[in-house]
Structure formats: structure tokens, C-alpha cells
*Asks:* 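This structure is in C-alpha cells; I'll ask about it shortly.
Any value given below was found using the heavy atoms of this structure, including those in side chains, with hydrogens, waters and symmetry copies removed. Residue numbering restarts at 1 for every chain, and letters A, B, ... go by the order of the sequence lines.
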Amino acid sequence: MDVDIAMPCRKYTSASRCKQTLLFTTVQSAEIPIKTHVLPPKMKVRVRFAPSPTGFLHIGGARTALFNWLYARHTGGTFILRIEDTDAARNSLEAVSVILDGLRWLGLDWDEGPVTADATAPGKGNCGPYFQSQRTANYQRRVEALLSRGLAYQHEGAVKFKMQREPVLIKDLVVGDVIRKLTDREEADPDFVILRSDGQPMFHLVNVIDDIEMDVTHVIRGEDHLSNTAKHIALFNAFGVPPPHYAHIPLILNADGSKMSKRDKGASLTSYAADGFLPEAVVNYLCLLGWSPKDNREKLSLAETIERFDLPQILRHNARFDYEKLLWLQGEYSRSLADDRFYELAVHAFARAGMDTNKFPLAYVKAALDTCKGKFKTFQELPSYAGFYFKNEFDYNSDGVKKDFIPENKSRLQKLRDAFAGLDAFTAPNLETALKSTATDLGVKAGVLVHPCRLAATGNTAGPSLYHLLEVLGREKSLARMDRALERF
RNA sequence: GACCCUAUCGUCUAGCGGUUAGGACACUACCCUUUCACGGUAGCGGCAUGGGUUCGAUUCCCAUUAGGGUCGCCA
């Protein structure tokens, strides 16, 4: 790509699906902003998610990716993934994999970008490479052009960009018009480093150059970049390229309103997969943070969200992460899971907890899992909820022991055991009938027998339907467990 | 310190000058029920504060306060 610095390689298509108004430039006067309106050419939407491989995908970053993806899908545009690995010291294959795996888990497929975590491997798309570490020649050439035009200068071995001192007008699709003045520190020295003394280009520079060369039309990113946008616009001006449209989305905060940093629980996207959340629940929840379909609907399919999603509906204020509401959505999606996927995720959850369900007949595993479906939220809960199906030795819930394994219940449980033992078929309806008639004979309510029996069979005070779980366990195991429990009285 | 953004129930939000301020999560009752969960019914609970503008402000403007962001040879 041998492109003159003042001639960006934008390839506008006539098929535009975005209805943008006006582009903008900088404020020329410190007192009165002068907008220079430039009608943008019709263009197909091109957005990008440009994470830095830190070994961590922040939940906020995941939402930024999601909003970019949704906008691309809504407009029929292109979603680009670009890895901003200019900080060589922190790069690693693993760190890039965390990003790729995270996006794949969420289902956010990219139209252009890396195929693997290897920076030197070919990617897909016509604007590659999509790793900044592989694009250094471009940056070098652009810096030299700035240097030769007097828009940048050498300083202590580094190269600094001559930043304008006048306020910059940022027209933001979410926030509105923002006039960014210099801070007092910037007043003292408004210029900023674009090339380090070791020759490595810096974020502001590479971010802008790649957005130019990848024909990015809309920059949708976290509000933490809003103040930086003045620098980016100045850089676009220096390169003679109209800046893209900007949409700065609000940040995600902790439940207490504090900033969510890497150390905070739930800050890493990876943790949600590890905690047994469904990606569709996480995606749905993330959509609801800072965006609203405005019709009181909460649970939305991805297709519906794509259709309704647009930039103007994005809220301007930060949102706190509400774990409980995520859990609720998780429950909603868990309950409507297709059987095959449910089994697969459940077996995986048991495996993670060190329980090998493959040692049991498939029909038994499925029958066991069927009694659990819709009764728990995250798959991480499953091993403790239903582990009794796959192990014979377990402790009894101590509160349950105090409440149910009491002397007067011993003979009752014994009687129930005998009634169960006399059943022709060990089925849920028969078990229920036997339990209820035993209760009637003893002159007690069904619950008096249910609770000790459940504790005996599962070790827990709550769980799947008692009659159904006994049927799944079968006569032999069920009676053995009741016998074992009778020893505890 | 400077600059920028923001402000409706505890939380996520609807609202875009006149509403009994709506919904969801959470919470509290009650119903359903073998436990739990689900489902159903009801309830609790909000426009940060002070000035304007207006016949009338949750809504528009300003200030205050509070929260967040930025001002790196990090991204």
C-alpha cells in the first residue's frame, strides 16, 4: 500500500445504510467554536474493536466489542478486530488468545481480523495485518511525513506531535457536542509523544493511523477515551483525513459505584464462563447496561437486539454491574436450554468439579440431569446441587441433621423405608403414593417424612423432586441410603 | 490542580413541559407446592440540592454537591 499521506485510502461505497448528519473539524477560535461542516461521502459502516493484549478481557471491553458488533450487524457493516500490541513487553500468544476466545465465547464474530493468536499468521480481510506489531512500516512513514511537514518534531530521542492549543470540538453521537479545552498541564506543554525514543509508536498515533487505513467510519469506544479524542481529531487533521464518527459509551462500574478495575471480582469476562454462565445471558445483560430497547422488555434475543440496536439510544451515564440481575437472566436462559446443550454443559460442570459422569450409564446421567433442569442458575452450582447422583459417600447438611434426624423420626423413616421396599415398581408415582399413605398411617403430614428422606438420599435439604430423584437413584441405592441414614439417629 | 462527562426507586431503566412518575432485578407478604426453583397476586421504594425560565417543571438553563473519566516515552 503506497499511499500518499494526504490521500487516505478510503474506498467509499455508494450503498450507505447509515444516516449520519455532519462531520466536524476543530474549533478555530478559543472563544467561539467555528464548525466546519463537511458532508460525509456515503459510506458503508466499518467499526472496530481494538483491544490491547494484556492477558485479560475486561467486562467493559467485552461490552464495547458487543456494541461495535451490534452496530455493524444492525447496519450491515463490517466488524473489524484489531490487536493493539504496540507495547511489545506485554505481548504474548496467550494474551491474544484470551481476547479471541472471549469474543468467540460471546458469539461476536469478526469480519476482518486475526484468525489465530499468532501475530505473524495471515488474518482475514483486505486491510491487514491486524496486529499493530506487524504494521510498523506504516507508522514510520506517517511519522516521517509529519516530521517533514513540520507537524511533529524530535525531542530527547522521541518524536512529539505539535498539538493545537485551541479547544477541539468533538461531535459525539452519544454524548453530543463536547468542546475539549487544554488542561493546565497541557497548557504548559500541549504536545505529546507519538514515537518513543526506542522507536516504538504510541497509542494515539497508531490508533488513528490504523483507523484511517482500515477505513473505520465509526469509533465506538469507552468514555474513558472521550478526553483523548481531541488528540485523535488533531491527528486526523494533520493527516488531512476527516475524522470518523465518534460514539463514546458509558463505563461499567462496580455495584458500589466505584471504578471496576482488573482486581475486582467480575471484571474479567473469563470469570463468567468459569462460573458457569451462559454466553447468551451475559450478552443479554451487557446489552441492558447503557442501552435500552425502550419498551420495557428485558429478555431479548440477539436477532431482536440487532434489529433494535442503534447509537442514539445509548445512555450517557455510567451503569453499575448488578450481579443479581445477571443471575436472573441466567436462570431465564438456563430454563429454556435445548436438552443436548444442557447435558453437555452439565457434564462439563461435573467434570470441572472432579466428578466423572461417564462412569455412569448415559440414560442414568440424562435422567438425573432431567430432574435438575431449570432448578439452578449457574452450572457451577450443579455439582453441589446434584452431586449425590454420582457419589454414595456424602456428608449430611448439618442444619438438616439437627432438624430432621431426630429420635421421633427414626421409626418414621424406618417405616417409610419398608413401604418403599415393598413397592412393585420403584417409580415416582408409586413412591409418592407410598409416602403419603405412610404419612397417613403415622398421622403426620407428608413433609415430616419428606425432609428426613431427602436428607438421607441426597445429604441436602433442598434439591430435585424427591420422588423423581428416588426413582432415578433406583431401589437399591435409595434403600441403602435410607439404611445408612438410620444409623445416624 | 485543570479539563471533560454524568445525575429518576437499593440496582438497571421508561419518561423527552401538564403522568396516580411505568417496567425489570432485589426485597417483604400471600397463593401454588414434597424441599428448592418456577409461576401468580399484592406491597415496599425514586425524580441529589438551590436558584431561575414558564400558567405549569422529573423534563429547559445556571450554580452547588456527588460520582466517573482524562491530562504518561500505558493502551
*Asks:* Identify whether any heavy atom of Lys299(A) sits under 4.0 Å from a base atom; if not, whether one sits that close to sugar-phosphate; answer base, sugar-phosphate or nothing.
*Replies:*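 Since no nucleic acid heavy atom lies under 4.0 Å of Lys299(A), the category is nothing.
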*Asks:* Using a 4.0 Å heavy-atom cut-off, does Arg320(A) contact any base of the nucleic acid, only the sugar-phosphate backbone, or nothing at all?
*Replies:*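 Since only primed, P, OP1 and OP2 atoms lie under 4.0 Å of Arg320(A), the category is sugar-phosphate.
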*Asks:* Nearest nucleotide by nearest heavy atom, which residue falls closer to the 5' end of RNA chain B, Phe376(A) or His468(A)?
*Replies:*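 Its nearest nucleotide lies further toward 5', so the answer is His468(A).
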*Asks:* Classify the nucleic acid contact of Glu187(A) as base, sugar-phosphate or nothing, counting any heavy atom under 4.0 Å across all strands shown.
*Replies:*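 Contact class for Glu187(A): none.
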*Asks:* Any donor-acceptor pair, under 3.5 Å, between the side chain of Arg454(A) and the base of U34(B), if you only look at N and O atoms?
*Replies:*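 Check passes, donor-acceptor contact within cut-off.
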*Asks:* Categorize His248(A) for me: base, sugar-phosphate, or nothing, with a 4.0 angstrom heavy-atom threshold over every strand shown.
*Replies:*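 The residue His248(A) makes no contact with any strand.
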*Asks:* Remember a base hit wins even if backbone is also touched, and classify Leu466(A) as base, sugar-phosphate or nothing at under 4.0 Å, heavy atoms.
*Replies:*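 Answer is base: heavy atoms of Leu466(A) come under 4.0 Å of a base.
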*Asks:* Could you tell me whether Glu213(A) and Arg142(A) have a side-chain N and a carboxylate O separated by less than 4.0 Å?
*Replies:*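 Salt bridge: yes.
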*Asks:* Phosphate oxygens OP1/OP2 of C5(B): is one of them under 4.0 Å from a side-chain N or O of Arg180(A)?
*Replies:*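 Checking Arg180(A) against C5(B): no side-chain N or O falls below 4.0 Å of OP1 or OP2.
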*Asks:* Within a reach of under 6.0 Å around CG of Asp256(A), are more than 12 heavy atoms found that belong to other residues, nucleotides or ligands?
*Replies:*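 Yes, enclosed.
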*Asks:* Base, sugar-phosphate or nothing for Gly257(A)? Non-hydrogen atoms, less than 4.0 Å.
*Replies:*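 Touches sugar-phosphate only.
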*Asks:* Check the phosphate of G69(B) against Arg221(A), side-chain N and O only, distance under 4.0 Å to OP1 or OP2. Yes or no?
*Replies:*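 Looking at the OP1 and OP2 atoms of G69(B), neither is under 4.0 Å from any side-chain N or O of Arg221(A).
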*Asks:* Give Gly157(A) one of three labels, base, sugar-phosphate or nothing, depending on what nucleic acid heavy atoms sit under 4.0 Å from its own.
*Replies:*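 Answer is nothing: Gly157(A) stays at 4.0 Å or more from every strand.
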*Asks:* Report yes if a side-chain nitrogen or oxygen of Lys377(A) is closer than 4.0 Å to either non-bridging phosphate oxygen (OP1 or OP2) of A37(B); otherwise report no.
*Replies:*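 Lys377(A) to A37(B) OP1/OP2: no side-chain N or O under 4.0 Å.
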*Asks:* Between C71(B) and C44(B), how far is it from one C1' atom to the other, in whole Å?
*Replies:*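 45 Å, rounded to whole Å.
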*Asks:* Parallel under 30°, tilted from 30 to 60°, perpendicular over 60°: which one fits the rings of Phe350(A) and Phe390(A)?
*Replies:*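 Judged by the thresholds at 30° and 60°, the geometry between Phe350(A) and Phe390(A) is perpendicular.
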*Asks:* Counting any heavy atom closer than 4.0 Å, what does Phe321(A) reach on the DNA or RNA strands: base, sugar-phosphate only, or nothing?
*Replies:*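 Contact class for Phe321(A): none.
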*Asks:* Is Arg297(A) salt-bridged to Glu304(A), cutoff N-O under 4.0 Å?
*Replies:*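 Yes, this pair counts.
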*Asks:* State whether the distance check finds a donor on one side and an acceptor on the other, under 3.5 Å, for side chain Lys231(A) versus base U70(B).
*Replies:*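 No.
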*Asks:* With a 4.0 Å cut-off, would you call Lys162(A) and Asp191(A) a salt bridge?
*Replies:*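 Salt bridge between Lys162(A) and Asp191(A), a charged N being under 4.0 Å from a carboxylate O: no.
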*Asks:* Of all the nucleotides listed (C4(B), C12(B), A2(B)), which has the minimum atom distance to the side chain of Thr183(A)?
*Replies:*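 Out of C4(B), C12(B), A2(B), the nucleotide with an atom closest to Thr183(A)'s side chain is A2(B).
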*Asks:* Considering only nitrogen or oxygen atoms on both sides, find all protein atoms under 3.5 Å from nucleotides 14-17 of chain B and state each distance.
*Replies:*
unit_1	atom_1	unit_2	atom_2	d
A14(B)	OP1	Lys294(A)	NZ	2.6

*Asks:* What nucleotide, of C71(B), G39(B), A75(B), holds the atom closest to the side chain of Arg335(A)?
*Replies:*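 Side chain of Arg335(A) sits closest to G39(B).
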*Asks:* Check this for me, if you would: do Glu280(A) and Arg341(A) make a salt bridge, where the nitrogen-to-carboxylate-oxygen distance has to be below 4.0 angstrom?
*Replies:*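 Answer for the salt bridge query: yes.
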*Asks:* Measure from NE2 on His451(A) to P on U33(B) and round the result to the nearest Å.
*Replies:*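 To the nearest whole Å, that distance equals 15 Å.
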*Asks:* Can you tell me the distance, in whole Å, between the CZ atom of Phe161(A) and the P atom of G72(B)?
*Replies:*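 Rounding to the nearest Å, CZ of Phe161(A) and P of G72(B) are 16 Å apart.
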*Asks:* Quick one: which of A26(B), C12(B), C5(B) gets closest to the side chain of Lys325(A)?
*Replies:*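 Out of A26(B), C12(B), C5(B), the nucleotide with an atom closest to Lys325(A)'s side chain is C12(B).
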*Asks:* When rounded to the nearest Å, what value does the distance between P atoms of U59(B) and C9(B) take?
*Replies:*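 Going atom to atom, P in each nucleotide, I get 14 Å.
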*Asks:* Write down the distance separating the C1' atoms in A26(B) and G46(B), rounded off to the nearest Å.
*Replies:*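 A26(B) and G46(B) have their C1' atoms separated by 15 Å.
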*Asks:* Side chain of Asp184(A), heavy atoms from C-beta onward: which of G68(B), G1(B), C25(B) has the nearest atom to it?
*Replies:*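 Comparing G68(B), G1(B), C25(B) against the side chain of Asp184(A), the answer is G1(B).
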*Asks:* Using atom P of each nucleotide, how far apart are G22(B) and G68(B) to the nearest Å?
*Replies:*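 Looking at atom P only, G22(B) and G68(B) are 31 Å apart.
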*Asks:* Which pairs pass side chain to side chain donor-acceptor pair (under 3.5 Å) with one or both residues in residues 441-467 of chain A, sequence neighbours excluded?
*Replies:*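 Residue pairs passing side chain to side chain donor-acceptor pair (under 3.5 Å), neighbours aside: Ser465(A)-His468(A).
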*Asks:* Within 45 degrees of the axis of the six-membered ring of Tyr396(A) and under 6.0 Å from its centre: does Arg488(A) put its NZ or CZ there?
*Replies:*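 Judged by the rule, Arg488(A) and Tyr396(A) form no cation-pi pair.
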*Asks:* For a quick check of understanding: with a heavy-atom distance under 4.0 Å over all strands, which category does Glu332(A) fall into, base, sugar-phosphate or nothing?
*Replies:*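 If one applies the 4.0 Å heavy-atom cut-off, Glu332(A) turns out to touch the sugar-phosphate alone, with no base involved.
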*Asks:* Using the P atom on both, measure A57(B) against G1(B) and round to a whole Å.
*Replies:*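 Approximately 36 Å lies between the P atom of A57(B) and that of G1(B).
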*Asks:* With respect to the side chain of Tyr385(A), which nucleotide from U34(B), C36(B), G68(B) is positioned closest?
*Replies:*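 Selected nucleotide (nearest to the side chain): C36(B).
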*Asks:* Which nucleotide, if any, forms a Watson-Crick or G-U wobble pair with C3(B), using both distances under 3.5 Å?
*Replies:*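 G69(B) - that is the nucleotide pairing with C3(B), both distances being under 3.5 Å.
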*Asks:* In this structure, is the centre-to-centre distance between the rings of Trp291(A) and Phe309(A) below 6.0 Å?
*Replies:*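 Judged by ring-centre distance (under 6.0 Å), Phe309(A) and Trp291(A) do meet the cut-off.
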*Asks:* Could you tell me the Watson-Crick or G-U partner of U54(B), where both distances fall under 3.5 Å? Say none if there is no partner.
*Replies:*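 Pairing partner, where one exists within any strand: none, as none qualifies.
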*Asks:* Once you apply a heavy-atom cut-off of 4.0 Å, does Arg316(A) come out as touching a base, just sugar-phosphate, or nothing?
*Replies:*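 Sugar-phosphate: the residue Arg316(A), judged by heavy atoms under 4.0 Å, touches backbone atoms but no base.
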*Asks:* Using atom C1' in both nucleotides, what's the gap between C47(B) and C60(B) to the nearest angstrom?
*Replies:*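 Those two atoms are separated by 15 Å.
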*Asks:* Heavy atoms under 4.0 Å, any strand shown: does Pro51(A) hit a base, just sugar-phosphate, or nothing?
*Replies:*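 Nothing, no nucleic acid heavy atom in range.
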*Asks:* Can you tell me which nucleotide in C5(B), C25(B), U70(B) comes closest to the side chain of Leu226(A)?
*Replies:*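 Nearest to the side-chain atoms of Leu226(A), counting from C-beta on, is C5(B).
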*Asks:* Using the C1' atoms only, state how far A14(B) lies from U54(B), rounded to an integer number of Å.
*Replies:*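 U54(B) and A14(B) have their C1' atoms separated by 25 Å.
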*Asks:* On RNA chain B, check which nucleotide each of Asp198(A) and Pro464(A) is closest to and give me the residue with the more 5' one.
*Replies:*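 Comparing both residues, the 5'-ward one is Pro464(A).
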*Asks:* Please classify the nucleic acid contact of Glu186(A) as base, sugar-phosphate, or nothing, using heavy-atom distances under 4.0 Å.
*Replies:*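 Sugar-phosphate, no base atom in range.
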*Asks:* For Gln200(A) and A75(B), what is the distance between atoms CD and C1' respectively, to the nearest whole Å?
*Replies:*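 Taking CD of Gln200(A) and C1' of A75(B), I get 13 Å after rounding.
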*Asks:* Please tell me which of the listed nucleotides, C73(B), C36(B), U34(B), lies nearest to the side chain of Ala158(A)?
*Replies:*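 The closest nucleotide is C73(B).
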*Asks:* Can Lys410(A) be said to sit on top of Phe405(A)'s aromatic six-ring, NZ or CZ under 6.0 Å from centre and within 45° of the ring axis?
*Replies:*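 Because its charged atom misses either the 6.0 Å distance or the 45° angle limit, Lys410(A) does not stack over Phe405(A).
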*Asks:* Quick one: is U34(B) close enough that its OP1 or OP2 comes under 4.0 Å of any side-chain N or O from Lys436(A)?
*Replies:*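 Yes, within the criterion.
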*Asks:* When the P atoms of A48(B) and G43(B) are considered, how many whole Å apart are they?
*Replies:*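 These two P atoms come out 25 Å apart once rounded.
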*Asks:* Between G72(B), U70(B), C4(B), which one does the side chain of Asp224(A) approach most closely?
*Replies:*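 Ranking G72(B), U70(B), C4(B) by closest atom to the Asp224(A) side chain puts U70(B) first.
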*Asks:* Have a look at Asn318(A) and say if it touches a base, only the backbone sugar-phosphate, or nothing, with a 4.0 Å heavy-atom cut-off.
*Replies:*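 Sugar-phosphate: the residue Asn318(A), judged by heavy atoms under 4.0 Å, touches backbone atoms but no base.
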*Asks:* Determine, using ring centers only, whether Phe388(A) and Phe394(A) are less than 6.0 Å apart.
*Replies:*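 When the ring centroids of Phe394(A) and Phe388(A) are compared, they turn out to be at least 6.0 Å apart.
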*Asks:* Could you tell me which nucleotide pairs with A42(B) by Watson-Crick or G-U wobble geometry, both distances under 3.5 Å, or answer none if nothing does?
*Replies:*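 Because both required distances fall under 3.5 Å, A42(B) counts as paired with U28(B).
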*Asks:* Going by ring-ring contact (aromatic ring centres under 6.0 Å, His included), Phe277(A) matches just one of Tyr333(A), Tyr323(A), Tyr285(A). Which one?
*Replies:*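 Filter result, single survivor: Tyr323(A).
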*Asks:* Counting only distance, no hydrogens or angles, is the base of C3(B) paired donor-acceptor with the side chain of Ser227(A) under 3.5 Å?
*Replies:*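 No pair found.
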